[in-house]
Amino acid sequence: MSNINYFSEYGPLELDFDPSKYKSASGAAKAFHKALTELAESIGLCAEYVHLWNPEKASKMRNTDGWCVCWDEGCFEWSYGTASDINDQRGFANWYAEPYYSFDICFHNA
């Protein structure tokens with residue numbers, strides 16, 4: 001199983017998310033949201049601040065047409081390296097991830 005790992009102000013963190021398992025942006029975003037919620041709880045942060053927005057809500061909140069996972073209480077600039085790692089590990093899936101701000105990642109179908 002592949003995991004997303006990075007160093008943060010909370011120390012080294014491992015996100016239990018394997019991008020290669022998902023064939024669509026929606027499936028990846030939902031699984032990523034679940035993994036990020038579990039990570040937030042494990043480091044003592046409020047899981048209620050990890051949001052999942054479908055494309056309709058994301059277009060209103062972020063002016064993007066993809067699925068969006070937002071964690072504005074999260075680690076400093078967590079989305080930049082995380083989105084890059086997700087794309088490196090997604091294999092040949094027909095979707096990709098990109099940071100929108102430093103605290104959210106949008107998942108788009110390719």
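Since this is a predicted model, take the numbers as computed values, not measurements. The chain is numbered in sequence order, starting from 1.
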dist S84:OG -> I105:CD1 (nearest 0.5 Å) comes out at 10.0 Å
Contact list for residues 40-52, test side chain to side chain donor-acceptor pair (under 3.5 Å), sequence neighbours left out
none
Remaining members of W53's ILVMFWY cluster at a side-chain heavy-atom cut-off under 4.5 Å?
M61
Under 3.5 Å: donor-acceptor pair, side chain of E73, backbone of L45:
no
Suppose the criterion is salt bridge (charged side-chain N to carboxylate O under 4.0 Å, His left out): which pairs have a residue in residues 51-62, not counting sequence neighbours?
E56-K60, R62-D104
Identify, with sequence neighbours excluded, every residue that meets ring pair (Phe, Tyr, Trp, His ring centres under 6.0 Å) alongside Y80.
none
So do the side chains of I86 and W95 get within less than 4.5 Å of each other, counting heavy atoms only?
yes
Just jot down the side chain to side chain donor-acceptor pair (under 3.5 Å) partners of D65, sequence neighbours excluded, or say none.
H108
Does some side-chain heavy atom of Y96 sit less than 4.5 Å from a side-chain heavy atom of P19?
no
Here the pair of heavy atoms bringing S79 nearest to P99 is OG-CB, 3.5 Å
Under the side chain to side chain contact (heavy atoms under 4.5 Å, CB included) criterion, do Y101 and D72 qualify, and how do the steps go?
CA-CA 9 Å; Y101 289 115; D72 55 5; over 6 Å; no
If I compare all heavy atoms of C106 with all of T64, which pair ends up nearest, and what's the gap?
SG-CG2, 3.6 Å
A47 versus T37, closest heavy-atom pair with distance
CB-CG2, 3.4 Å
F107 side, atom CZ; C68 side, atom SG - distance, nearest 0.5 Å
9.0 Å
Is it true that a side-chain atom of W78 and a backbone atom of W71 form a donor plus acceptor pair closer than 3.5 Å?
yes
Using residues 26-33 as the side-chain source, report each donor-acceptor pair under 3.5 Å to any protein atom, sequence neighbours left out, with the distance given to one decimal.
residue, atom, partner, partner atom, Å
S26, OG, S24, OG, 3.2
H33, NE2, V50, O, 3.1

Heavy atoms only: give me the nearest I43-C75 pair and the separation to one decimal.
CD1-SG, 4.4 Å
